[in-house]
Amino acid sequence: MRCIPINGQVVVLILLSLLLKGVKQSQTDEDVAKDKTPQAPEKKAEDCPSNVECTKLGGACIDCEPFDYNSCIYGEKVNVTCRPKENVDCISNNAGNKSFERTMVCQFCYQTEPWEHKCTYKANCKSVGSPRFKSYYRTNCSVNSDIICFGNRNFEKNVPCNWTGGYRWSTALLLSITLGGFGADRFYLGHWQEGIGKLFSFGGLGVWTLIDVILISLHYLGPDDGSLYI
């Protein structure tokens with residue numbers, strides 16, 4: 001039996017190469033997963049209502065002319081001539097013409113007002129008790145069907161993290177004033193460790209109690225889960 005000599009340095013280099021390749025592949029998979037943000041699909045022709053008057057179709061089901069952003073002033077209302085998109089089945093007017101006029105505001109879809117589009121909101125973001133330090137997260141939004149606008153009707157937008165867990169500011173302040181020396185306000189807001197410390201120190205001999213009353217009254221001290229007061 002013939003023995004094949006093995007170079008220890010070569011083995012180490014091969015192992016390191018495999019290890020680095022595995023780490024790089026893992027990082028690449030994570031980056032790809034992060035980039036795959038779910039996007040709201042564009043409305044297709046088969047999603048548009050059928051057997052309705054063409055004039056009642058939404059902005060996602062029609063094409064309008066002139067549709068040039070450079071030909072109008074931002075925020076200005078303009079009249080455009082619209083027709084149903086290809087393969088969209090609708091009822092034409094008495095003359096058999098499917099064209100009709102609409103009034104639109106000269107703006108891109110992402111520039112629409114908050115009540116003109118819908119966004120996917122989530123309640124697991126970390127908000128802040130003070131309204132002056134709102135945190136934001138990026139989410140998907142889609143413009144309402146009756147709105148006509150330029151560009152993609154589905155877009156991403158930064159929205160404030162303003163969810164609430166049901167904690168009342170008035171209750172927290174009342175507990176802080178009356179039972180703050182026993183840590184009742186901290187226990188109510190979910191700050192259990194600080195509440196225990198406050199309980200056994202008798203509210204920091206009154207100093208901690210006074211500080212918490214001020215912080216809660218100014219909305220600087222909020223719920224531990226990161227939500228806002230109601």
Side-chain angles (χ1 to χ4, degrees), residues 12 15-16 18-40 108-144 154-230:
V12 172
L15 292 176
L16 288 176
L18 292 174
L19 180 61
L20 291 175
K21 184 178 180 180
V23 172
K24 184 176 180 180
Q25 181 65 33
S26 176
Q27 292 177 347
T28 303
D29 294 341
E30 291 179 0
D31 293 338
V32 171
K34 291 179 181 178
D35 292 338
K36 289 183 178 179
T37 304
Q39 297 286 340
F108 282 98
C109 294
Y110 69 85
Q111 296 174 320
T112 54
E113 299 293 339
W115 58 84
E116 294 178 326
H117 56 257
K118 295 181 178 64
C119 298
T120 303
Y121 295 100
K122 58 182 180 179
N124 59 350
C125 57
K126 195 70 174 177
S127 186
V128 182
S130 174
R132 294 184 297 172
F133 300 100
K134 289 182 179 179
S135 59
Y136 289 80
Y137 64 93
R138 198 164 186 81
T139 187
N140 295 321
C141 302
S142 58
V143 70
N144 297 341
N154 300 315
F155 54 91
E156 291 187 345
K157 179 182 179 181
N158 291 328
V159 297
C161 181
N162 56 0
W163 69 285
T164 176
Y167 295 91
R168 293 185 177 276
W169 173 79
S170 57
T171 302
L173 183 60
L174 180 62
L175 289 173
S176 185
I177 295 174
T178 57
L179 300 174
F182 301 99
D185 50 352
R186 289 279 182 170
F187 287 124
Y188 172 72
L189 295 175
H191 303 281
W192 290 94
Q193 294 180 348
E194 293 86 347
I196 294 174
K198 197 174 181 181
L199 174 63
F200 287 99
S201 66
F202 299 102
L205 300 179
V207 177
W208 194 348
T209 302
L210 179 60
I211 292 176
D212 277 356
V213 170
I214 297 175
L215 292 178
I216 293 176
S217 64
L218 296 176
H219 290 253
Y220 274 90
L221 178 60
D224 182 62
D225 61 3
S227 63
L228 297 177
Y229 288 116
I230 58 175

Roughly how far apart are Phe182 CZ and Leu175 CG, rounded to 0.5 Å?
12.5 Å

Residues two or more places apart in sequence or in another chain: which of them pass side-chain contact (heavy atoms from CB on, under 4.5 Å) with Val213?
Leu173, Ser176, Ile177

Asp185 side chain to Thr209 backbone, donor-acceptor under 3.5 Å:
no

Residue set satisfying side-chain contact (heavy atoms from CB on, under 4.5 Å) with Phe202, at least two apart, ordered chain then number -> none

Can you name the nearest heavy-atom pair linking Val143 to His117, along with the distance?
CA-CB, 3.7 Å

Heavy-atom pair of closest approach, residues Cys119 and Val159:
SG-CG1, 4.4 Å

Please list all pairs passing the salt bridge (charged side-chain N to carboxylate O under 4.0 Å, His left out) test where one or both residues lie in residues 205-216, with sequence neighbours left out.
Arg186-Asp212, Lys198-Asp212

N/O donor-acceptor pair under 3.5 Å between Thr120 side chain and Thr139 backbone
no

Nearest heavy atoms of Tyr229 and Ile216, plus distance in Å
OH-CG2, 4.1 Å

Which heavy-atom pair separates Leu174 from Thr178 by the least distance, and what is that distance?
O-OG1, 2.7 Å

Distance-only criterion, 3.5 Å: show the donor-acceptor pairs between side-chain atoms of residues 188-195 and protein atoms not counting sequence neighbours.
from: Tyr188; atom 1: OH; to: Arg168; atom 2: N; distance (Å): 3.0
from: His191; atom 1: NE2; to: Gly222; atom 2: O; distance (Å): 2.8

List in chain and number order the residues that pass side-chain contact (heavy atoms from CB on, under 4.5 Å) with Ile211, two or more places apart in sequence or in another chain; answer none if no residue qualifies.
Val207, Leu215

Sequence neighbours left out, what passes side-chain contact (heavy atoms from CB on, under 4.5 Å) with Ile196? Give chain and number order.
Phe187, Phe200

